[in-house]
Visitor: 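Dropping the structure in here first, questions after.
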Amino acid sequence: MYKKGFDAEKYIEEQSRYILERIQKAGGERLYLEFGGKLVHDKHAARVLPGFDENAKIKLLQRMKDQAEIIICIYAGDIVSSKTRHDFGITYDLEVLRLIDTFRRYDLSINSVVVTRYQDAPAVNMFINKLERRGIRTYKHYFTKGYPTDVDTIVSEEGYGANPYIEVTKPLIVVTGPGGGSGKLATCLSQLYHEYIRGRKVRYSKFETFPVWNLPLKHPVNLAYEAATADLKDVNMIDSFHLDAYGERAVNYNRDLEVFPVVKRIIEKITGEESEYQSPTDMGVNRVGFCITDDEACREAANQEIIRRYLIAECDYKKGKITSDMLDRSHLILKEVGKDVSDRRVVEAARQYAEEKRALDPKYENCVVMALEMPDGSIITGRSSRRMVAAAAMVLNAIKKLSGIGDDMLIITPQVLETQQNLKTEILHHDRTSLNCEEVLMALAISGTSNPSAQVAVSKLPELAGCRAHCTAILSDRDEQTLSSLGLDVTCDPEYITTNLYTA
């Protein structure tokens, strides 16, 4: 549906070759590779680089599985605060479990999980117990004494020496985590200290997909990264260290630039040698910028992502999840690329249809509408009713069109819907009679056992992956997850369906 602008195969080939070169450059010794961003299911990269395989990074690691093992870091404070990964709607501690399962499916070796900046809290200890009782090695790392200014203390038994050494065996050690601030860098540097104490020469490198160092500073792909990290207050900047060392412009972000002098001094203190890296860009191994095949397609996709992030920020502000500063930051980036929410076609389509229904009849005053941009570029809508939510109606209308089924043809047996509604209200005592998206899809699947048209419609669901959709009200968590599982790129207006606080 959307024009491709990225060569996924070239990326896997070039990226794996570059990482292997970095290992070999060390004379075959061990490389600690800090993986920033999402190692698996990188949906952000897939949205801003159309053609990018969201699992490309884990696939390239799979090619090196005999040489690699993985350490997963999680910050103790994120466990205590139940920090959530937005795209999956799960907490960071659950994301660690999901990552382990995913890595195992790709036949990658899981070394251990490290709880960084450990604190003695019930939720943290319960998490550690859960892992250890399932046979996963766990380590506790503490706040590094002296960090960030007292390098002599940092690189001593009181600093990194206070952390236990993580026993590793392979030449490539991938250090990853469920999100930013997980303590990946500190874990890598702690391991470097312990390795050198043991007389082994090892190296450190960083793998950050964004910002793309060899794209312009204000390129929409790089600005989309700022929009995605508004909560971390990341700001893209020209890497002044790289410019001074090589006379070459490269893009990095504020946290890397701020910490580079400290990291450089720490590495030099650990190794007793001058650092091979003259800039934070030097530390990176990212080749994504060399695999863009259509810059204009990537610019448009990134602009759409910036709009998407702003709409999500509006809803998160309404829910009380973010501050007004974060919302303002998202809005500023939106204006910087000269876009408005109306540039996301499904937004205006959903709002306009809702207004038309409300003007037609007062009974539609609380009508919720959802619009979807089909693979052929056409727009399909669905509205809420006593029988089903707007998301369910939209999905049904979309797969009916893909199947060539007329609007007036029923593809779900009415008795199945009635039985489900009765179960929901009379037996399970739910307040709402409307079936959510998952319930309607289950009814469709059941109907497919006796209705060939329903079976055809179900087979069309995978074709909705990647389509953009917008709802005129905030979706329930259940509907949001169902649509996400279908692969839809969904946004909402910051409005609740009802005034209820508990069952909103």
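All values derive from a computational prediction rather than experimental measurement.
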Visitor: Could Glu54 and Lys43 be called an ion pair, given the rule that one side-chain N must be under 4.0 Å from one carboxylate O?
Guide: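 Judged by the 4.0 Å cut-off on N to carboxylate O distance, Glu54 and Lys43 do form a salt bridge.
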
Visitor: So with a 6.0 Å cut-off around NZ of Lys233, is the heavy-atom count from everything else above 12?
Guide: no

Visitor: Is there a donor-acceptor pair under 3.5 Å between the side chain of Asn55 and the backbone N or O of His41?
Guide: yes

Visitor: For atom CG of Asp101, is the number of surrounding heavy atoms from other residues, nucleotides or ligands below 6.0 Å larger than 12?
Guide: yes

Visitor: Using modelled atom types only, decide if a donor and an acceptor are shared between the side chain of Lys400 and the backbone of Met409 within a distance under 3.5 Å.
Guide: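 Pair found, side chain donor or acceptor close to backbone of Met409.
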
Visitor: Checking Lys206 now: which residues fulfil salt bridge (Lys or Arg N to Asp or Glu O under 4.0 Å) with it, not counting sequence neighbours?
Guide: Glu34, Glu208, Asp256

Visitor: Could you tell me whether Asp93 and Lys83 have a side-chain N and a carboxylate O separated by less than 4.0 Å?
Guide: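 Not counted as a salt bridge, because no side-chain N and carboxylate O are separated by less than 4.0 Å.
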
Visitor: Hey, do the aromatic rings of His44 and Phe210 have their centres closer than 6.0 Å?
Guide: yes

Visitor: Kindly say whether Asn436 contributes a backbone atom to a donor-acceptor pair with the side chain of Glu439 at under 3.5 angstrom?
Guide: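 Flag set: sc Glu439 to bb Asn436 pair under 3.5 Å.
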
Visitor: Between Glu365 and Lys357, is there a salt bridge with N-O shorter than 4.0 Å?
Guide: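 Salt bridge flag = no for Glu365 with Lys357.
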
Visitor: If you measure from the Lys or Arg side-chain nitrogens to the Asp or Glu carboxylate oxygens, is any gap between Lys4 and Asp294 under 4.0 Å?
Guide: no

Visitor: Please, which pairs that meet salt bridge (charged side-chain N to carboxylate O under 4.0 Å, His left out) have at least one residue in residues 297-306, sequence neighbours excluded?
Guide: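 Found Arg47-Glu305, Asp295-Arg299, Glu305-Arg308, Glu305-Arg309.
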
Visitor: Would the number of heavy atoms belonging to other residues, nucleotides or ligands and lying under 6.0 Å from NZ of Lys130 be above 12?
Guide: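 Open: at most 12 neighbouring heavy atoms sit under 6.0 Å from NZ of Lys130.
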
Visitor: Any carboxylate oxygen within less than 4.0 angstrom of a Lys/Arg side-chain nitrogen, looking at Glu95 and Arg98?
Guide: yes

Visitor: Report, as yes or no, whether the 6.0 Å neighbourhood of atom CZ on Arg478 holds more than 12 heavy atoms from other residues, nucleotides or ligands.
Guide: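 No, CZ of Arg478 has 12 or fewer neighbouring heavy atoms, counting only those of other groups under 6.0 Å.
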
Visitor: Decide whether a cation-pi geometry holds between Arg287 and Phe290; the criteria are a distance under 6.0 Å from NZ or CZ to the six-membered ring centre and an angle within 45° of the ring axis.
Guide: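 Relative to the ring axis of Phe290, which defines the angle, Arg287 lies inside both limits.
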
